[in-house]
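Not measured: the values here are computed from a predicted model.
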Amino acid sequence: IVIPALNEEKYIGKTLEAVTNLDYPDYEIFVVDNGSTDTTSDIVRSFPRVQLIQIPERGITKAREAGRRAATGEIIAQLDADSTPPKHWLTRGTLHFKNPNIVAVSGPYLYEGGPWWFKSVAFVVQVIFYPTTNILMRILRSGAVLIGSNVFVRASTLEAIGGYDTSIAFYGEDSDTARKVSKLGRVCYAPRLYIYSSARRFEKEGILKTFYLYIVNFVSVM
């Protein structure tokens, strides 16, 4: 599990509490702190099971790439510092890889915070629209759908595509990875593979603006 973190003292403790108590028998946890100026690293160090990596460069793809290079597992699980997985998350995610043709799997966020209508729309989009879009894109051979902080991908597949594109700062990075890995195998979208995630970005930047940025960058990358 690779978790990028930048000034996440408000959220990282809750995330690590959940991540260190998953029902999977054997897994690594890496938090990649890329330049925090708060107590994020101190909080991470208080969890003995968690390995802290500190890099000076900021950027979510730089953090994910550092974590990928440090990991020794066959599957890389992406998670954000403000996202908490249910206890069965790893078990449910890794089951998909019993199919040798599957190279990556993703699932939805259940947002914590924000107005009820936003959470309702987000649920419908992620549970109905995204799976349909992923199937259509597979048929058209035009990429796939991966939701950045809820992704499982084979380490060998990431290595084959040269890792994450560290030139992408944030928006579009998950779409770029999805487009590349979909050329090497099947990408699955599983509505039951959910995590809980903060709605803070929507609250800070505006719901419509953030939706717009996600859509524009997804279409642009694809």
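- Contacts classified as salt bridge (Lys or Arg N to Asp or Glu O under 4.0 Å) and involving residues 132-161 (residues at least two apart or in different chains) are given here: R68-E159.
- Residue F118 is grouped with residue V121 when hydrophobic side chains (ILVMFWY) are merged at heavy-atom distances under 4.5 angstrom, including chains of intermediate members.
- Using a 4.5 Å heavy-atom threshold, the side chains of V105 and F97 count as touching.
- Put simply, NE2 on H88 and CG on L193 are 9.0 Å apart, with the number rounded to the nearest 0.5 Å.
- No donor-acceptor contact under 3.5 angstrom links the side chains of Y130 and S106, judged on distance only.
- From E173, atom CD reaches atom OG1 of T61 across 7.0 Å, with rounding to the nearest 0.5 Å.
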Derivation and outcome, side chain to side chain contact (heavy atoms under 4.5 Å, CB included), residues I195 and S149:
CA-CA 9 Å; I195 60 171; S149 72; 4.0 Å; yes
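- Checked by atom type and distance alone, the side chain of R64 never pairs as donor or acceptor with a backbone atom of P4 at under 3.5 Å.
- With contacts defined as side-chain heavy-atom distances shorter than 4.5 Å, the pair I161/V181 qualifies.
- Applying the side chain to side chain contact (heavy atoms under 4.5 Å, CB included) test to L6 and every residue at least two apart in sequence or in another chain returns N34, S36, R58.
- By the 4.5 Å heavy-atom criterion applied to side chains, I3 and I12 are counted as neighbours.
- In this structure, CG on L16 lies 9.0 Å from CD1 on I43, to the nearest 0.5 angstrom.
- For Y196, the side chain to side chain contact (heavy atoms under 4.5 Å, CB included) test picks out T84, L110, E112, Y194, with sequence neighbours left out.
- Taking both residues in full, the closest heavy atoms of A66 and I55 are given as CB-CG2, 4.1 Å, listed atom of the first, atom of the second, then distance.
- Between the CG atom in N99 and the SG atom in C188 there is a gap of 9.0 Å [rounded to 0.5 Å].
- A salt bridge (Lys or Arg N to Asp or Glu O under 4.0 Å) check over residues 19-42, counting only residues at least two apart or in different chains, returns the pairs D42-R45.
- I1 and L90 make their closest contact through CD1-CD1, 3.9 Å (heavy atoms, listed as atom of the first residue, atom of the second, distance).
- Note on F129 and L136: separate hydrophobic clusters, where clusters join Ile, Leu, Val, Met, Phe, Trp and Tyr whose side-chain heavy atoms are under 4.5 Å apart, directly or indirectly.
- Pairing each heavy atom of A160 with each of L184, the nearest pair is CB-CD1, 3.8 Å.
- Listed for the D80 side chain is no donor-acceptor partner under 3.5 Å among the backbone atoms of D82.
- Residues passing the ring pair (Phe, Tyr, Trp, His ring centres under 6.0 Å) test with Y164, sequence neighbours excluded: none.
- Sorted pairs that involve residues 14-34 and meet ring pair (Phe, Tyr, Trp, His ring centres under 6.0 Å), not counting sequence neighbours, are lacking altogether.
- Residues satisfying the side chain to side chain donor-acceptor pair (under 3.5 Å) test with T157, not counting sequence neighbours, are none.
- In terms of modelled atom types and a separation under 3.5 Å, the side chain of Q126 and the main chain of Y109 share a donor-acceptor contact.
- Residue pairs meeting the ring pair (Phe, Tyr, Trp, His ring centres under 6.0 Å) criterion with at least one member in residues 140-160, sequence neighbours excluded, are W89-F152.
- Atom OG of S198 sits about 4.0 Å away from atom OH of Y11, to the nearest 0.5 Å.
- In this model, no donor atom of one side chain and acceptor atom of the other lie less than 3.5 Å apart for E74 and S156.
- Using a 4.5 Å heavy-atom threshold, the side chains of I29 and Q51 count as separate.
- Not counting sequence neighbours, the partners of S120 by the side chain to side chain contact (heavy atoms under 4.5 Å, CB included) test are W116.
- With hydrogens and angles ignored, the 3.5 Å screen pairs a side-chain donor or acceptor of Q78 with a backbone N or O of G148.
- Listed here is the closest heavy atom pair of V187 and N134: O-ND2, 3.0 Å.
- When every heavy atom of I147 is checked against every heavy atom of P108, the shortest pair comes out as CD1-CA, 4.1 Å.
- Counted within 6.0 Å of CZ on R49, heavy atoms from surrounding residues, nucleotides or ligands total more than 12; the atom is thus considered enclosed.
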L22 and T91: side chain to side chain contact (heavy atoms under 4.5 Å, CB included), yes or no, with the steps?
CA-CA 8 Å; L22 300 174; T91 300; over 6 Å; no
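- With hydrogens and angles disregarded, a donor-acceptor distance shorter than 3.5 Å links the side chain of N150 to the backbone of G107.
- Cluster partners of I139, using a side-chain heavy-atom cutoff of under 4.5 Å among ILVMFWY residues and allowing indirect links, are I135.
- Taking the salt bridge (Lys or Arg N to Asp or Glu O under 4.0 Å) definition, one finds that K180 meets it with D176, sequence neighbours left out.
- Contact between P85 and L79 at its shortest, heavy atoms only, is CD-CD2, 3.9 Å.
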Can V31 and I53 be said to form a side chain to side chain contact (heavy atoms under 4.5 Å, CB included), step by step?
CA-CA 6 Å; V31 172; I53 301 172; over 6 Å; no
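- Between atom CG of residue L95 and atom CZ of residue R92 there is a gap of 9.0 Å, rounded to the nearest 0.5 Å.
- A donor-acceptor pair is defined here as one N or O able to donate and one able to accept, closer than 3.5 Å; such a pair exists between the side chain of E9 and the backbone of T39.
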With side chain to side chain contact (heavy atoms under 4.5 Å, CB included) as the test, would you mind laying out the steps for V153 and I75 before giving the verdict?
CA-CA 6 Å; V153 60; I75 298 168; over 6 Å; no
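- Enclosure of atom NZ in K119 by more than 12 non-hydrogen atoms of other residues, nucleotides or ligands within 6.0 angstrom is indicated.
- Both Y111 and Y189 belong to a common hydrophobic cluster when Ile, Leu, Val, Met, Phe, Trp and Tyr are linked at side-chain heavy-atom distances under 4.5 angstrom.
- In this structure, the side chain to side chain donor-acceptor pair (under 3.5 Å) partners of S167, at least two apart in sequence or on a different chain, are D165.
- Counted by atom type alone, E65 and T166 present zero donor-acceptor pairs between their side chains at under 3.5 Å.
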